[in-house]
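Owing to the predicted nature of the structure, the values given are computational and were not obtained by experimental measurement.
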Amino acid sequence: MTVKYTQEHEWIRLEGGDAATVGITVHAQDALGDVVFVELPEAGRRYAKGETAGVVESVKAAADVYMPVTGEVTEVNEALRADPALANSDPLGQGWFFKVKLAQPSELDAMMDETAYTEFARNA
């Protein structure tokens, strides 16, 4: 299972073919603190890489969630909308934000792997 990371602290997990799941990293949720609200993108909407696709709000701050790749949102995590704390308790699992159909899978090549992201986050 391929997982890549962005400098904006999103992760993207390739699920096979051109399907992927997106969420925020452990580092991001640690920095935000207790997540109290998420704004998720619309299923069916196309986004360019780097475009704002959602918002996560915590008791400390609000942060945009950026689309890590060009593609179309195929599903959003309604469980996360109902219980935003999932972004804290299980950010790499049940706290996922949305699923996307990749328009340009090669965009993943420029992203960080776990080792590179861990080093990046340590110095952020």
Side-chain angles (χ1 to χ4, degrees):
M1 176 176 0
T2 300
V3 180
K4 296 287 193 154
Y5 300 86
T6 69
Q7 291 185 355
E8 292 75 29
H9 307 289
E10 287 93 20
W11 57 264
I12 182 166
R13 180 176 55 236
L14 197 57
E15 304 291 353
D18 60 359
T21 302
V22 176
I24 63 170
T25 65
V26 171
H27 176 83
Q29 70 82 29
D30 280 347
L32 284 166
D34 293 335
V35 175
V36 295
F37 175 78
V38 294
E39 181 181 311
L40 300 172
E42 269 182 62
R45 177 151 177 227
R46 295 185 60 81
Y47 289 87
K49 179 181 176 181
E51 194 174 349
T52 300
V55 175
V56 59
E57 293 182 13
S58 72
V59 293
K60 294 199 292 192
D64 289 335
V65 176
Y66 298 99
M67 179 62 81
V69 293
T70 301
E72 179 181 336
V73 174
T74 58
E75 183 182 346
V76 297
N77 187 352
E78 294 298 340
L80 181 64
R81 193 187 316 263
D83 183 8
L86 288 171
N88 293 118
S89 62
D90 193 10
L92 304 177
Q94 293 181 12
W96 60 274
F97 276 60
F98 54 89
K99 295 184 185 280
V100 63
K101 180 179 178 185
L102 305 169
Q104 300 172 21
S106 62
E107 289 176 334
L108 293 171
D109 297 342
M111 292 183 194
M112 293 176 273
D113 63 14
E114 185 173 4
T115 302
Y117 176 75
T118 300
E119 184 66 23
F120 170 79
R122 184 179 301 125
N123 297 314

ask   = With hydrophobic residues grouped by side-chain heavy-atom distances under 4.5 Å, do V73 and V38 end up in a single group?
value = yes
request  = Write down the atom of L40, the atom of L80, and the distance for their closest heavy-atom approach.
outcome  = CD2-CD2, 4.3 Å
key: Heavy-atom neighbours of E42 CD exceed 12 at 6.0 Å   = no
ask   = If every non-hydrogen atom of P91 is compared with every non-hydrogen atom of Q29, which pair is closest and at what distance?
value = CG-CG, 3.9 Å
request  = Taking the side chain as every heavy atom from C-beta outward, state whether M67 and E10 have any atom pair closer than 4.5 Å.
outcome  = no
Other residues, nucleotides, ligands: >12 heavy atoms within 6.0 Å of E114 CD = no
key: Main-chain N/O of L92 paired with R13 side-chain donor or acceptor, under 3.5 Å   = yes
query = With a 4.5 Å limit on heavy-atom distance, are the side chains of V22 and V100 in contact?
reply = yes
query = Closest approach of I12 and M111, non-hydrogen atoms and distance?
reply = CG2-SD, 3.7 Å
key: A116 backbone acceptor or donor facing E119 side chain under 3.5 Å   = no
query = Is the backbone N or O of V35 less than 3.5 Å from a side-chain atom of S58, with the two atoms forming a donor-acceptor pair by type?
reply = no
query = What pair of heavy atoms forms the shortest contact from G23 to F97, and how long is it?
reply = CA-CD1, 3.9 Å
request  = Any chance you could measure N88, atom CG, to L32, atom CG, to the nearest 0.5 Å?
outcome  = 8.0 Å
H27/F120 aromatic ring centres below 6.0 Å = no
query = In Å and rounded to the nearest 0.5 Å, what is the CG to CD distance from L86 to Q94?
reply = 6.0 Å
task = Report the distance from atom OH of Y66 to atom NE2 of H9, rounding to the nearest 0.5 Å.
result = 11.0 Å
message = Distance check, rounded to the nearest 0.5 Å: T70 atom OG1 versus L102 atom CG?
response = 9.0 Å
Contact summary for T6 and P68, nearest pair of heavy atoms = CG2-CB, 3.6 Å
ask   = Judged by atom type as modelled, is there a donor-acceptor pair below 3.5 Å linking the side chain of E8 to the main-chain atoms of V65?
value = no
message = To the closest 0.5 Å, what do you measure between NZ (K101) and CD (E75)?
response = 15.0 Å
task = Verify, without hydrogens or angle tests, whether D64 (side chain) and A53 (backbone) share a donor-acceptor contact under 3.5 angstrom.
result = no
query = Between the main-chain N or O of W96 and the side-chain N or O of N77, is there a donor-acceptor pair closer than 3.5 Å?
reply = yes
ask   = Are Y5 and L108 connected in a single hydrophobic cluster, I mean Ile/Leu/Val/Met/Phe/Trp/Tyr linked by side-chain heavy atoms less than 4.5 Å apart?
value = no
query = When hydrophobic residues are tied together by side-chain contacts of less than 4.5 Å, even through go-betweens, does V3 share a cluster with V69?
reply = no
key: Heavy-atom pair with the smallest gap, counting every atom of T52 and Y47   = O-CE2, 3.4 Å
inquiry  = Between E51 and K49 (salt bridge meaning N to carboxylate O under 4.0 Å), is one present in this structure?
reply    = no
